[in-house]
Structures are given as structure tokens and as C-alpha cells.
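Presented below is the structure to which this report refers.
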Amino acid sequence: MYGPAKAWTDAIREFRGGRLKALDDKPHPISMSLPDRNNIRLPYANPPNPRETTRETRLRGVNRFWRLGNPRGFENPFLLSFGVLWFRLHNYYANETATSKGWTSDEDLFKFDERIFNQARKMVVGIYQKIVFYDWLPRWLKIEANNSTFFNITGRIPYRGYDPTVHPGITHEFQTSAMRFGHTLVTPGLWRRAARSGTNQCPWIPSTVNIAGQPGEVHALRLCNAYWNSQESVTEDVDALFRGMASTLAEREDNIMVADLAGDVFGPLEFSRRDLGAINIQRARDHGLPDYQSVREAFGLPRIESFEAMHNGSIDTNLLAIQQLKAVYSNAGLNVSAPDDVDLFVGGLIETTFDGPGPLFTEITLDAFRRIRDGDRFWYENRDNGLFSDTELNVINSMTLGEVIAKVTNVKVQGQPGVNGQNREVQQDVFIHNGANDPCPQPAQLNINTAISVPPNSGNNRTIIENCVPWQTYDYFSGSEVSFPLTFLAVALLIPATIGLMICMAKYREKKLAKARQRIVRREKTKEPHTYLAIEWVGPNDGERHIKIKFDENRKKIHVSDRRGKPLRMIDLRSHGSKQIDKLHIWVSEDTGTVMSVRTEGEIDLVLKFSDAMDRQEFIQKLEPFLRGIGLSLQKVNFKEEVIKKNATTKEQRQKLLDKFFRIICLQAFKHTNMDAMDLGVLDIETSKQIADIQLTRTEFAEALQLKPTSLFVRNMFVLVDADKTGFISFKEFLDFFVVLSSGISMPTKEEGTRSGTRQTLKARGSTIVRGYNTMKPGTKNISMKRQQSVSAPTNFAVYPRTAFGQKWYNFSQWVATYQLQIFWLTLYTLVLVGVFLERAFYYAFEREHAGLRRLAGDGVTTTRGAASAMMFTYSSLLITMSRNMITFFRETFLHRFFPWDSMHLFHKYIAALALAFTILHIIGHGFNLYHISTQASGDLNCYFTEYFRATDVLASFHYWTYETITGFTGVLATIVVIVMYVFAMPYARAHAFKAFWKTHNLYIVLYILMILHGSGRLVQPPLFQWYFIPPMIIFIIDKLISLSRNNIEITVKKAELLPSDVTALIFKRPANFEYKSGQWVRISCLNLGSNEYHPFTLTSAPHEENLSLHIRAVGPWTTNLRAEYDANNLETGQEIPKLYLDGPYGEGHQDWYRYKVAILVGGGIGVTPFASILKDIVNKSKIDEMRFPCKKVYFLWVTRTQKQFEWMTDIIREVEQNDANGFVDTHIFITQFQQKYDIRTTMLYICERHFQKVAGRSLFTGLSAVTHFGRPKMTDILRNIKLEHQNVNLFGVFSCGPAPLTRGLDRACADMNKVEGAVFKHHFENF
């Protein structure tokens, strides 16, 4: 009546005047009031309505119910009417208590609400206990033939007060069997009766039937069609139900149930009708009850020796039931001599007598009620609890159910004040109807398909009760046949779709990169005479640049410089030899009005873009008098802008022509060289003429070499080649000089450039001979510098195993020795991870078998649970690998000897791969789980997911679990995030769409939030992710805060220089307390490009320097935009150089070079930048008399396709050579480009190395003493000879940075060297 818990009780209270909350807050009059609506969704039992025929109408929300205390109170109209009865009785006594105490004001009703409520509650509970125990129970157990003598309860189980030794709990025998004896008494419906009206003393109310195929109106209310539609008849007239229940006779005591229970009781959605008798039998079996005979013995009854002895002789149907039961047991091969295997419910029903239950059910019922009474300290008869006064006890003991009905309804009950034989509607003993002696006997016993007239002979002929709506089935997977596979197909297709998006973004980046090269024309003038501002279109791949154009009438030239005055190129309008110039051609765009090109023979076209047509016209007007002044005419032609650019001779085309120029020089100088090998392509007459007429200025020559015009090589070369001192280099001049230089020198062939020989060069001061690069042909003099110390030191190498197995084992053992720390920690981590997976999988496979979920979904549950824990562990671990400051700190401590901090990037990728593997396993497992769960009954799933709330009217379909639960929806979102993150983390994405990679990788925050929410649904288990996540999260947040403390400091850039080959050199202020080591790296963001976008770069400055420096090559949108931001031509007058945010420094393996006695530094291409800082550091430390660190020798190997991009690096090497008085550093440069692919710089480098090293001991081209080798280094031979040179060294440190093929090759070389017993080469590498 008051709910199963206090929270429920509070939910149904009004909290005013001690009343229970009434509908629409209208408690008066009591006889008309109903409970309030369940708009707070109290969890009442709410099975599907079996009368309806569609899923939508069968599943209805609990908010349609009223607020009552009984969770199952809405099952049928009769049960609900009693719920309303007790609700009204409580409010009746609440009002009576308030009135008797004088608490009638609003203030008092609120003030004394609790006292009033408890007083009314105890009265209702006491009355209920009295009626059930002393009025109903005796009639339930036995009714004599005179209908006035009942079972003697007080004589059989007298009340002797509260007994604490009695357990008040309900026994299984009572709950599953004996209590259900009443099912045989239930009628298939109810006669309803209205109040007496005039002469019509028994106005029976017909029932309307709104069911297809059924009569529109019947006499009585059908039970099977009223399940969970209880409020319809109660709302219509609850008093009619009480009158009808007082008149409708129960079914006879026997073993037979009406069809409304035996076959048509309500069921779940998938099977709308069930057999209650079968359910009762199965329920007892589920509870593990013993057989009928055993229970008889337990309750002090003798065993029955035969099936026939179960019959008490009073009911013939019982005898028939015994015969049928015996036949069933006989067919099953069971014992038929005695009912030893009979179920308790079956045996108890067969014992039923004509006046009540048989002896077994009677004993069980008496035992249950005695326990309820004697074990209840608050039983109303217990005088020791002091709950009731004598007056109250007298009221309770005198109260009958008829009196309760009379108090709270409009039903006139016999024996109540004002009711007599003329107006009575209900007999005094509402449990017993004595036929004609009591008011309004039922017109007929309720039978199906029987039609009668009520009243008799009234012509009002109707069917008594309608048929039950037939049972219906439902497939829970219906509607999911398409969406289920499509959901997983969509997730699978998301992978190629994301890859496609990544590729499109990469292509877009290329277009954006081209667009970034474009310049906006600013409408401005210069004060310099004969000088004009414009933008030059350099070419389709080179973009645009701001320039100044100056007319030089004295020298007959048009000078082109950048806005700072740095010479870029010039157009020579003088005639030379066969090159006669009499006019200048200009092509003018007719569509845009802002573009034009200046064209003359032998020159790169000057394609200009102006701010508008007026500026362009002004330029042309000034160009005409300039040309007249030097004796030239102007020819103007109109074309579209597209045609002008398409037909322009660009810098790139000029470069190709210069390449052929130098290769022809080589062909002339080296007569033995195969022309086909020089890759000259087709040489027509026009191209040959262009090559012969080439005249290069020093600036143009420097730009062709991608060097500064002021560089050492350009100055020396120009002076040497320009024999006639005209300021130009002609084809003949360069050919003559080249022939002189190349005398006696052979160009290396492809084979010679790539194979390794057996001899190597050794510098004069005792450096190691680097073998394998004698690129001279047999008989050619070796020009390499002579070594001063012998390498024929005796060696003692172990014999390499001869068997295949022995070799593999030896190789494996050496590999383990090299990477033992990485192997140990990765193995340990993997084992812990496997343990985490197995622990959860085992738990859900065996230890949680009672929950039933594994039996429902199979091994998918164990797989997903184990994979989920593994995911929690791996994704949380990734935060540790991302804590850069922590890594940098610990690698400086003694812990670096026990943990490979430099391998954190490797660990990050390894853990991420494991996380992805378990994520895939988790998703696949859930695919099976969702299928199994989506095919199960929604009601059953509540038993599996006990901690998860789902409204009873919500169908637990595939769509529901996937998209309408927080667990499912966040799982889908997390899957999408994982796919996006991992696709954009691919090497291709990092190389071609770095910004997209960085932004998608920052989705890790979203992923962690989704993982937390994913577990918060508590579907299967309480959330566990926080136990894995919180410790790494705290470390990561602290690490991030350290970074943010640096990020917010604006760093002033002191100098920005644009170096050749799109390299940008930044020199910026070193923050206070910024301590770092050579080889470390930082992250920077440019404020003009977005303060939140950081990119990592290795410092090229040394720790002793006052400022920090970076050399950044423009290879992507951000670095290209960065170069444009620091291009002085793009800065407004007086504008400051953009500032930076700095994050770092962070450590990596290269900074440990000084820990090894011999360090080998190998840089590939732009990967040489980490060693710039190290070499500078070496220069500084070499000035100290005694270097106080273990390293005694450094070998620096620079492997590059061509040096032309890295002239800044040669300056550093030159400084090292000038200060390296002790021969601490040995430098070797390797040019890997083949001869037929040589560019201008590489060709000249080869010539100069071979000629000037003989004379000066250094390169004219670079100014370095370091030997330049042509060909790819064979790292194994190099390492072997270094090992020979330092036989007392047991551990060599090898540090490399560059493209993956270089580091992999060096890694294999180290592995090969480590196969042989002796010194170990420990390789540290970084890729870009």
C-alpha cells in the first residue's frame, strides 16, 4: 500500500495534512478521489498490453498509471480497485486525525503532516492486518456448507505476542505454490453493477468491446482483455467493481483454471499469452523446491503411498486429474506406484477439497501467516510496541472490509448506518454471497460464448463475455535486418572514406601551397628614380615574388631585385656576337588588365603583375622612352593571361637548359663519356643554339646553383671562368676552363659510384680510413689525403657459426643484446596487457556465469570485456608516452640506464597499434553481442543489465542499444574518432597533410571523454576506466601545464634569413632559464599563423650561444607560410618580424653523443640539422684544454643527394675544422646523386674536389678539408674500419637522422656488426 521503500512512499505523499497525493490535488470528497498521475515515472510493472494488436499500442509508458504503493497494482481492474480503496482509507483517517486534533489550518496541515501521516498509516495497516488475517484467511482455508462456519485461526495458531525467534520471511513453498491455490478460484470476468435506481434494484452494467471481430457490447467485463487496461473500468465506475465483486461467485475449488489464466494470461511482447499453471510449475522448479512428497514430510504430513491416495473423495475432477497425471508419468518412464516425483503445485492442487485447499496447502499457508504475524514487532495486536491504544484496537478489531468499502465509496453495505433491506447494495460479509438471501445474485456463472438476457425476459440478449484476443508473437530483430548490417558496413566504409578524404586534403594542400606562393599586389610607389614595384610570376611551381624593376640606361640593362634591393636577376639588352637585339617584346593580357611579360632572346621572360591596369600602363609608358634611349624598339602584342603564362620561358625551363649546358661541358671535357648516359634528351638545333649563346651573370649563375652571389664558390669560380672580364660567363669560357680542370680526372660511372671498394681515405691528421669509395678507375692516381697511422692492427674475431640455425640464433642473440632494454620493457608491457585482457575475459567467462550474459551472447562477452580493459590500459598508457617534459627530465637521471627514454616514440606507436588491435576486437565482439541482445526479449534483458535503467515501454532493439543509449552512441562516436585519428596518423598523412594530422590527433581529448561516457552507462559493469586513466592523466596534465607555462611567452625573432632551396633560418631570443643540450628539439608556433598550432624542429644552435636558431625547410603549407611570413618583401614598412611561441626543449637520443667514447653521427639531407647543434657544441668544447666528458672521437658522415640546399651547413663544418686543433672530429661528405643526374653544383663540386684538393688540401667549392665522396656509403664497411681503428672501445654510439631508407640501412649495418663478438654499435635514430 505504501511502496517497497521510503523513497517510493515519499513519492506518493502530498506532504500536507498527512494525505497521499490525489489526482489534480482534489482529495475531497474521499469517495470520488483517485491517486495522482505517475508523471514522475515510478517503476511499476508494465508488461505489454495483450489486448492490443500493434507494438506501439501494446507498449505504453508507466506515466499513464497512478501513484500507488503496489508496484504490480495495475495488473487487472480488481487489484487496482483495492489499491484505490486503501488509498482512500488512508486519506479518510488523515482527515479524521487532523479534524480531531484541530489541525485544520494550512499552517497546521504542513506543520503536523508527518504525525498525521503516520497516524493514518498505522490505522490503515492495522485494519488491513485484521481483515486479512481474521476475516479473509479463515474463509480462504475452509468454508463449511452453511457458509457461516470457517477455519478456526485463533484455535489453531493463537497469538501469544511478538516472538523474535520467528523468521517473518515468506517460504518458497508458499510463494511458489500454496499461495497460488487461489488461481483455481479466479473467474473469467466480472459482473458490474451500478447503484440502485428506482425499481431497478440490480442495474447490471454492460461492457463495451472495441475489438475487431468481437461483439460491440457484452454483459460482463472479461479478465483476459483487461490485463494492464485496469484504469479504464476503474475510472469509469470503481463502485461498480466493488458491487460486482460482491455478487460474482468464484470458481469451484478444484484443480482447474479458467482460460483467462490457463493459456490467456498476459505475457511478454514476443508471446502475448501464457499458461499460468505451467508458469507456477516451472517457477517452483526454478526455485529448486523439492517434490510433493518431501514437502509433505517437511510439514509433518505422512507420505502418500499411491497416486490414488491423493484423492480426498470430494471432487470428481481431481480423480480424473490423477489418472491423467499417472499416464504422463508412465509415458515418461517415471515411478507410477507413488507420487514421489510429482511437483508441489500439482500435488497440492489435487489434494483440494470441496470447502478449501487440501491439507498440504493449508499447513503451508498457516505456517506462512503465522510467521508474518508472530515475527512482526509492529503487528497491531502486539501491546508491547505501544502503537495502538485500547480505543484504536477496538476500532480495528470491529472493522470489516464491508465497513471500509462503505466509508470510502458510495456503495451501500448492509449493516452500516443508514442501510436497510430496502436500499442495501452489498451484503454485510462481502467475502460470502448467500444467493437469494443477499442482494443481487449474479445473473449467471460467467461462461464463454453464452448469450442471455439481463434482466431475464427483458429482450436484452447479449453474449456474457467476449473471447480473449488471440496470442501474438513478435520478432525483436524485426526492423533491424537492414540497419544492423548497414551500420557495420558504414563503419567499415568509413575507413576508405576517411582515407579518400585524407588524399583529397593532401591534394588541396598542394593547391593551397601553390596559392600560398602567390602575392597580393600592393598599390605603392617607390621614390627611387626609374624604379617600379610589381610582382613577378616565376613559374607554375615556384609561385610569385615581390620585386623592384630598375631601368639602367647606361649599362643597357633591366635590373630585377627584391624589395630590399637584393639582386635577383637582370635582363641584358646588349648585343653580343650572334646575339643581336633590336627590339623588346611585351605581351599584355587583354582579359585581366594587370599581367604582362617582357621577352627578349636568350633571357628568362619577366612576367609581371600590377595592382591594376593603370599601373601597368604607366610602366609601359616609362619603358618605351628607356628603350628608345638605348636604341631599341618596343613590340606590343595582346594575349590572354593563360596564354602568356603558358608560353613564358620560366626559371625552371632555364634551369633545365643550364643542366644541359653543364652536361654538354662534361661531354666535351670527358671524351670517353657515353652521351646517352648523360641524359641530355633531344638536342635540336634551336636548343643547341640557345646553349651556345648562354651568357651568365654572377647573380644568375649563383641562382642557378641555388647559392648566394656572395658565396666563396661563386666568387672564385666567376673570377676563374670570366677570362675576358666582361662580367659574364660564355659557353666557350666555361668549356675551356672545365677542360683544364678535368685533365686526368674520370667521372664516376653509376656502378663505380654505388659499389664499395676495399680502400678508403684517411685524413693527414690520423682520422679513420673510410673504405669503399675509391671512385677512380684502375690506373688513376688516388687524390685522397694519406693516412698517418696503420690499420693493420691484429684482430681476433670469433668464428661465425656455420649452421643456418646457429647463425640465426647468433644473430638473434646479438640483436637482443643491442636492444635489450627496449625488448624487456615492451615484453613486460605486453605481458601486463595480456594479463589485463585474460583477467577480465576469465571473470566474465566463469566467475560471472550467474549473471547469464555470457550464456546469452556467447564468447563475444568475454572477448569484448577483455578487450575493453585492454583498451583502457593502452589508451591511458599513451598519455605517458606523450609527456615530453617528464621524458626529458628522467632521461637526464640515472634511470636512463634502466629505461630507454629515447624509444618513447617507438613505444607510442607500439602501444597505439595494440590499442587499435583491441579496439577492432572490441568492435567485432560487440557486433556479435548486439545481434544476440537485439534478438532477446526486452524484459529478459533487464535481468542481465541490472544496473541499467530502461523504460518498460521502450523496446530494446538494435537501434535502441546502438543509438539511444549513452553506451552505444558514445561507442559509435568513439569508433569514428579512432578511425579518423588512425587514418590521419599514417605516414602519408603526416607528410602531405600535417595540419590535418595534428588537428585529428588532438581528438584524443574527445576520445577520452567518450570512453568515460561509454562506461558510465553501467550496462555490464561499473565504470573502470578512471582507475586506468587518472594516474596517467595527472602526469600528462602536469606535463602539459609545464609546456603551457612556456607556450605563453612571446619570443622575439632577431633575424630571419631566406636561404636557398626554401630553407628559412630563424635566430631568436633565448628565454631566461632556457637550458638545453645539443641535439635537442623544440616546438614553435608563429603568432601570425595561429598560436595553437605547434610544429617540432631540431635546434641548430649550441648551448653556449646567446640566441637560439632553427633551419626550417618549406616542404608543407605551414612551413611555406612561415617562410612567407618572414620574407622581408612581404612585411609592411616598419612592421616587426612576427613573434613565436616556444615549447621545449625536449630530449632525444642525439643529445647523448658525448656519453660514448666514439660517436658516429650520420645525417641524411635535411636530417643533418640535429648535428648542426652538436658540431657547434664540439667547436666550443674543443677550445677547452681538457674536454670533461667520455667522448674522445666523433665521426660525422653527411649523406646527401646534393649539397646545394645546405650551404649553411658547410659554414658550420668549416668552423669546426678551423677550431678542431686536436682532430676530434672526422668529417666525410657523401654525394649520392649519379653522374647522369648531376646538377650544376654537384658537377662543379666533383671537378673542384679533384683539382683543388691536390693543390690546397681543401675544396674550392666548399672551402672544407673534409673529403667529399661520390656514391652511396656502405655503412657496414665504414663501421668495420672504425671498429678496427678503435679496438679498445667496447661500445660505439651511432646516431642518425634522415629518411627511413638511410636509418634502416644504418640499422642493418649495426646489426651486422653486432653479429660478430666484440664491440657493440648502439643505434639511435630519428626519421622525418
Side-chain angles (χ1 to χ4, degrees), residues 490-519 537-544 645 650 652 882 905 908-909 912-913 915-916 919-920 975-1007 1061-1064 1081 1083-1086 1088-1098 1110-1127 1164-1167 1169 1201 1205 1297-1304 1326-1328:
V491 171
L493 291 178
L494 182 62
I495 299 174
T498 308
I499 294 174
L501 176 63
M502 176 192 66
I503 295 174
C504 291
M505 294 182 71
K507 300 298 181 183
Y508 173 74
R509 189 207 74 160
E510 294 178 1
K511 293 182 180 180
K512 189 175 181 181
L513 190 61
K515 187 177 181 180
R517 297 190 184 103
Q518 297 180 358
R519 299 291 184 263
W537 179 78
V538 184
N541 297 322
D542 298 317
E544 300 173 346
K645 291 182 177 180
T650 63
E652 183 179 1
M882 296 159 58
H905 186 230
H908 183 85
K909 293 193 290 185
L916 179 61
T919 300
I920 295 172
T975 301
I976 295 173
V977 170
V978 167
I979 290 173
V980 172
M981 288 182 65
Y982 274 87
V983 167
F984 279 92
M986 296 168 61
Y988 178 85
R990 297 199 303 271
H992 296 86
F994 181 83
K995 192 171 184 179
F997 153 72
W998 186 249
K999 287 186 175 181
T1000 55
H1001 228 55
N1002 280 324
L1003 290 174
Y1004 70 90
I1005 300 174
V1006 177
L1007 179 61
S1061 295
D1062 292 333
V1063 175
T1064 304
W1081 57 280
R1083 297 166 66 239
I1084 65 167
S1085 70
C1086 177
N1088 289 11
L1089 299 179
S1091 59
N1092 294 322
E1093 183 176 356
Y1094 284 81
H1095 291 261
F1097 301 100
T1098 304
L1110 296 171
H1111 287 75
I1112 304 169
R1113 191 176 182 189
V1115 292
W1118 191 85
T1119 50
T1120 300
N1121 294 335
L1122 183 77
R1123 183 177 176 85
E1125 287 294 329
Y1126 290 102
D1127 187 346
I1166 194 64
T1169 51
R1201 188 176 61 86
Q1205 296 98 336
C1297 182
L1302 171 70
T1303 57
R1304 282 199 301 265
E1326 291 289 336
N1327 294 121
F1328 59 83

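- Annotation: side chain of Ile1112 is in contact with side chain of Ile1084 (closest heavy-atom distance under 4.5 Å).
- Considering every non-hydrogen atom in both Tyr1004 and His1001, the closest pair reads CD2-O, 3.1 Å.
- With sequence neighbours left out, the side chain to side chain donor-acceptor pair (under 3.5 Å) criterion links His905 to no other residue.
- The minimum heavy-atom distance linking Ala989 with Val983 is given by the pair CB-O, 4.0 Å.
- Residues Thr1119 and Phe1097 form a side-chain contact, since some pair of their non-hydrogen atoms from C-beta on lies under 4.5 Å apart.
- Taking all atoms of both residues into account, the shortest heavy-atom contact from Leu1110 to Thr1098 is CD2-O, 3.3 Å.
- Here the CD1 atom belonging to Ile976 is positioned 12.0 Å from the CG atom belonging to Leu1007, to the nearest 0.5 angstrom.
- Distance NZ/Lys507 to CE/Met502: 11.0 Å, rounded to 0.5 Å.
- For the pair Thr498 and Tyr982, the minimum side-chain heavy-atom distance is 4.5 Å or more.
- Taking both residues in full, the closest heavy atoms of Ala996 and Thr1000 are given as O-OG1, 2.7 Å, listed atom of the first, atom of the second, then distance.
- In this view, His908 satisfies the ring-ring contact (aromatic ring centres under 6.0 Å, His included) rule with no residue, not counting sequence neighbours.
- Interatomic distance, CD1 of Ile499 versus OH of Tyr988, reported as 11.5 Å (0.5 Å rounding).
- Annotation for Phe984 and Phe997: closest pair O-CD1, 3.1 Å, computed over non-hydrogen atoms.
- Qualifying side chain to side chain donor-acceptor pair (under 3.5 Å) partners for Thr919, counting only residues two or more places apart in sequence or in other chains: Tyr875.
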